[in-house]
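Just below is one structure, and these are the notes that go with it.
Just follow the structure's listing: the first ligand is 1, and inside any ligand the first atom is 1. The model shown is predicted, which means the values in this text are computed figures rather than measured ones.
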Amino acid sequence: MKDLLEELKTIVGSNHVQTTGDLLRFEEDWRKRNRGKALAVVSPKTTEEVAQIVKACVQANVSIVPQGGNTSMVVGAIPNESGTQVLLSLQRMNEIRSIDAENLTIVVDSGCVLQNVQLAAEKVGFLFPLSLGSQGSCTIGGNLSTNAGGTQVVRYGNARELCLGLEVVTASGDIWHGLTGLRKDNTGYDLRNLYIGSEGTLGIITAATLKLYPLPAAKLTAWAAVPNIEKAVKLLGLAHQTLGPALSGFEMMGQFALGLVDQHFPQLRVPLWKDSAYCVLLEASDSESESHARAQFETLMQTAFSDEIITDAVIAESIAQAKALWLIRENITMAQAAQGLNIKHDISIPVSRIAEFVEHTDALITQKINGAKIVNFGHLGDGNLHYNVQAPLGLDHKDFLKIHEHEINTLVYDCVKEFGGSISAEHGVGSLKVETLKHYKDPTALHLMRLIKGALDPKNLMNPGRVIQPE
Ligand code: FAD
Ligand code: MLT
Ligand code: ZN
């Protein structure tokens, strides 16, 4: 190990190989569920350095855990407790490499923070639409490795759909130069889409070519109260019909989730939540003009009101008001974190079956655990719910997880299966859902995934223990 550490210092400089000091931010996951111990935290600056690090680790038979912003919700980016894994932090690889305005593409290092990519695009008059509550710290490499979703998927798709090319250091330390900005390229197997969503288990993404879009001429945001999820789904259908491709955000928030925001961040002033079971946050991004957008948006809200789909609504009158509404939605995660650990489920269900799923699953949970709190919110426009379960009042949150996590997970995921859904919509598998995936995913798909893992990472050194266990 001493030889390896010396070699790593030669590659990146001794300042960038940390073995002592405060490594908490690298070793503990965002939700504070687990803390691991790294052999060293190694922070390269270039792709060539990443390739040399991988070669050195392969030679020494040492496994590598790639890490971007360490905002994973599924414990995917921290080392295990053995003290034998290299934590490869991509944070120093943070250059915007180039922008091609005619091709509508931007090429960035994988350690670029998402918000910096959004700002770089905006500076030259374009939109990079990926938007997550963690955008101030998560990185493009992490976004692509988890195929992140977020709040604009209904219009622009998830991270995979926003990526045209990759540069990857493979598990043997070779560099795949795939930074094409091509929208058409049918030359065999789709390696880009194999690495996207692979959560660092097949190689390390060092750079990406991403799609840019014209900035919308106008954005409108509204907050509506609905009596139940069925009505929220009706509102979604009406929004698709009325706004067409202008619909760019459709988020749903349950009363209990909003109550947590109200409790922990009263300054955010949550509207309309006290008298309605759910609220919906809608956004339209119009390519024509503010007046066109507003006319369409007002038609939508008036129809929804007269058809008794919504009971009340506010339309943001300024950018500041729109931001304030979005801030409420984005702070549900922080409010939950302030409340204590809960049992998280990031699931997707066909939109047409979501109302039935929620009614059915809510009833089973409350039958099983008297007083359990359901923190239900998410990206309804994509059929993606964060269907979380919190301890009943008076019960310690950690004890609740210890006693009930397994049975609640089984209950929820059995329902997800019954309703034709997925056990991970956007957060990935990490280490938290490895066993769940094994249980619920199609066995042939699992077998093919293991073959791919074995072929691309034969020594199982790339983020082992995440996503899938080799045969
Ligand atoms: P990390 O957490 O560092 O890593 C995530 C995974 O990717 C790990 O398996 C890691 O090993 C791997 N990895 C990281 N970088 C690389 C690389 N360069 N090459 C290969 N593998 C790599 N997620 C959503 O999808 N939608 C949301 O709306 C959303 N909102 C969030 C809000 C908050 C407040 C928080 C804390 C998280 C949220 N997340 C959301 C989850 C998380 O932010 C995303 O999964 C994000 O994409 C992770 O990026 P990261 O840079 O932090 O990756
Ligand atoms: C969100 O949509 O806010 C995120 O995915 C984070 C979470 O699930 O808490
Ligand atoms: Zn989400």
Side-chain angles (χ1 to χ4, degrees), residues 25-26 29-32 44 47 50 54 63-79 85 87-91 93-94 108-114 130-153 158-160 166-171 195-208 249 251-253 257 260-261 326 328-337 342 344-348 375-380 382 384-388 424-432 462-467:
R25 73 185 175 97
F26 299 106
D29 76 298
W30 191 90
R31 291 172 61 202
K32 304 191 191 310
T47 303
V50 175
V54 172
S63 59
I64 299 172
V65 180
Q67 189 183 88
N70 194 17
T71 64
S72 168
M73 291 266 131
V74 286
V75 194
I78 58 163
Q85 297 189 297
L87 189 291
L88 185 76
S89 168
L90 278 305
Q91 286 186 342
M93 292 185 61
N94 57 5
V108 304
D109 277 355
S110 65
C112 282
V113 168
L114 171 56
L130 189 68
S131 300
L132 320 179
S134 55
Q135 63 200 23
S137 43
C138 66
T139 63
I140 291 298
N143 300 151
L144 290 168
S145 300
T146 56
N147 186 26
T151 53
Q152 301 278 296
V153 174
N158 47 27
R160 173 171 276 125
L166 289 181
E167 179 186 85
V168 172
V169 171
T170 69
Y195 281 105
I196 294 176
S198 67
E199 301 183 44
T201 62
L202 300 178
I204 292 149
I205 296 175
T206 48
E251 300 288 312
M252 182 216 61
M253 297 144 291
L260 287 178
V261 178
W326 274 104
I328 296 166
R329 161 63 185 88
E330 282 156 7
N331 270 287
I332 296 176
T333 310
M334 304 307 290
Q336 283 187 111
N342 60 35
K344 253 184 180 300
H345 304 106
D346 161 44
I347 55 178
S348 57
V375 191
N376 187 4
F377 67 100
H379 318 286
L380 189 66
D382 320 322
N384 175 191
L385 296 182
H386 299 307
Y387 187 83
N388 306 331
S424 174
E426 58 170 9
H427 294 163
V429 176
S431 37
L432 278 192
M462 302 305 303
N463 214 1
R466 267 74 200 238
V467 184

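Within the 4.0 Å heavy-atom criterion, the part of Leu90 lying near ligand 1 is the side chain and not the backbone. With a 4.0 Å cut-off on non-hydrogen atoms, Thr146 touches ligand 1 through its side chain and not its backbone.
Residue contact check for ligand 1: Gly203 places a non-hydrogen atom closer than 4.0 Å to it. Distances shorter than 4.0 angstrom occur between a heavy atom of Asn463 and an atom of ligand 1. Residue contact annotation: His379 has a non-hydrogen atom under 4.0 Å from ligand 2. Taking a 4.0 Å cut-off on heavy atoms, Gly430 fails to register as neighbouring ligand 1. Using a 4.0 Å heavy-atom cutoff, Arg466 is absent from the residues neighbouring ligand 1. Taking a 4.0 Å cut-off on heavy atoms, Arg31 fails to register as neighbouring ligand 1.
Of the protein's non-hydrogen atoms, the one nearest atom 42 (C) of ligand 1 is Thr71 OG1, 3.2 Å. Protein heavy atom in closest approach to atom 27 (C) of ligand 1: Glu426 OE2, 3.6 Å. Looking from atom 29 (C) of ligand 1 to the surrounding protein, the closest heavy atom is Leu132 CB, 4.0 Å. Scanning the protein heavy atoms around atom 39 (N) of ligand 1, the nearest turns out to be Ser134 OG, 4.0 Å. Remark: minimum distance from atom 7 (C) of ligand 2 to any protein heavy atom is reached at Lys344 NZ, 3.3 Å. Ranking protein heavy atoms by distance to atom 50 (P) of ligand 1, first place goes to Gly69 N, 3.4 Å. Protein heavy atom at the shortest distance from atom 49 (O) of ligand 1 is Cys138 CB, 3.4 Å. When hydrogens are left out, the protein atom nearest atom 12 (C) of ligand 1 is Ser145 CB, 3.8 Å; that is the closest non-hydrogen contact. Nearest protein neighbour of atom 5 (O) of ligand 2, counting heavy atoms only, is His427 NE2, 2.7 Å. If you check which protein heavy atom lies closest to atom 19 (N) of ligand 1, you get Ile205 N, 3.0 Å. The nearest heavy-atom contact from the protein to atom 3 (O) of ligand 2 is Arg329 NH1, 3.1 Å. Counting protein heavy atoms only, atom 6 (C) of ligand 2 is closest to Thr333 OG1, 3.4 Å.
The Gln67 neighbourhood of ligand 1 comprises atoms 3 (O), with distances under 4.0 Å to a heavy atom of that residue. Residue Ala148 has at least one heavy-atom neighbour below 4.0 Å for each of these atoms of ligand 1: 25 (O), 47 (O). Near His379, meaning under 4.0 Å from any of its heavy atoms, are these atoms of ligand 1: 28 (O). Within ligand 1, counting atoms from 1 as listed, the ones closer than 4.0 Å to a heavy atom of Met73 are 35 (C), 36 (C), 37 (C), 41 (C).
Residue contact annotation: His379 places an N/O/S atom under 2.8 Å from the Zn ion (ligand 3).
A salt bridge between Arg466 and Glu199 is absent, with no side-chain N of the basic residue lying under 4.0 Å from a carboxylate O of the acidic one.
Proximity of a side-chain donor or acceptor of Gln67 to a complementary backbone N or O of Phe26 within less than 3.5 Å is detected. Using modelled atom types, no side-chain atom of Asp109 and backbone atom of Gly111 make a donor-acceptor pair closer than 3.5 Å. When atom types are taken as modelled, the side chain of Ser137 and the backbone of Gly69 share no donor-acceptor pair closer than 3.5 angstrom. Counting only distance, with no hydrogens or angles, the side chain of Asn158 and the backbone of Glu426 share no donor-acceptor pair below 3.5 Å. Checked by atom type and distance alone, the side chain of Gln91 pairs as donor or acceptor with a backbone atom of Gly68 at under 3.5 Å. Between the side chain of Arg31 and the backbone N or O of Asn342, at least one donor-acceptor pair lies under 3.5 Å.
Between Tyr387 and His345, the ring planes are tilted. Angles from 30° to 60° get that label.
A 4.5 Å side-chain heavy-atom check between Met252 and Asn376 finds at least one atom pair inside the cut-off. You'll find the side chain of Leu88 reaches within 4.5 Å of the side chain of Pro44, heavy atoms only.
Here the closest heavy-atom approach between residue Leu132 and residue Ala148 is recorded as CD1-CB, 4.0 Å. Residues Gly76 and Asn463 approach most closely at O-ND2, 3.1 Å, considering heavy atoms. When all heavy atoms are compared, the tightest approach of Gln85 to Val65 is OE1-CG2, 3.6 Å.
By heavy-atom distance, the residue among Gly200, Ser89, Pro66 lying nearest atom 10 (C) of ligand 1 is Pro66. Taking each of Asn70, Thr201, Asn143 in turn, the one with a heavy atom nearest to atom 46 (C) of ligand 1 proves to be Asn143. For atom 2 (O) of ligand 1, the candidate residues are Gly142, Gly197, Ser72; the nearest heavy-atom contact is made by Ser72.
For the Zn ion (ligand 3), the nearest N, O or S atom contributed by Glu426 is named OE2. Residue His386 approaches the Zn ion (ligand 3) most closely through its N/O/S atom NE2.
Ligand 1 has an N or O atom lying under 3.5 Å from an N or O atom of Glu199, backbone or side chain. Below 3.5 Å of separation, one finds an N or O of Thr139 facing an N or O of ligand 1. Note: an N/O pair closer than 3.5 Å links Gly149 and ligand 1 by distance alone.
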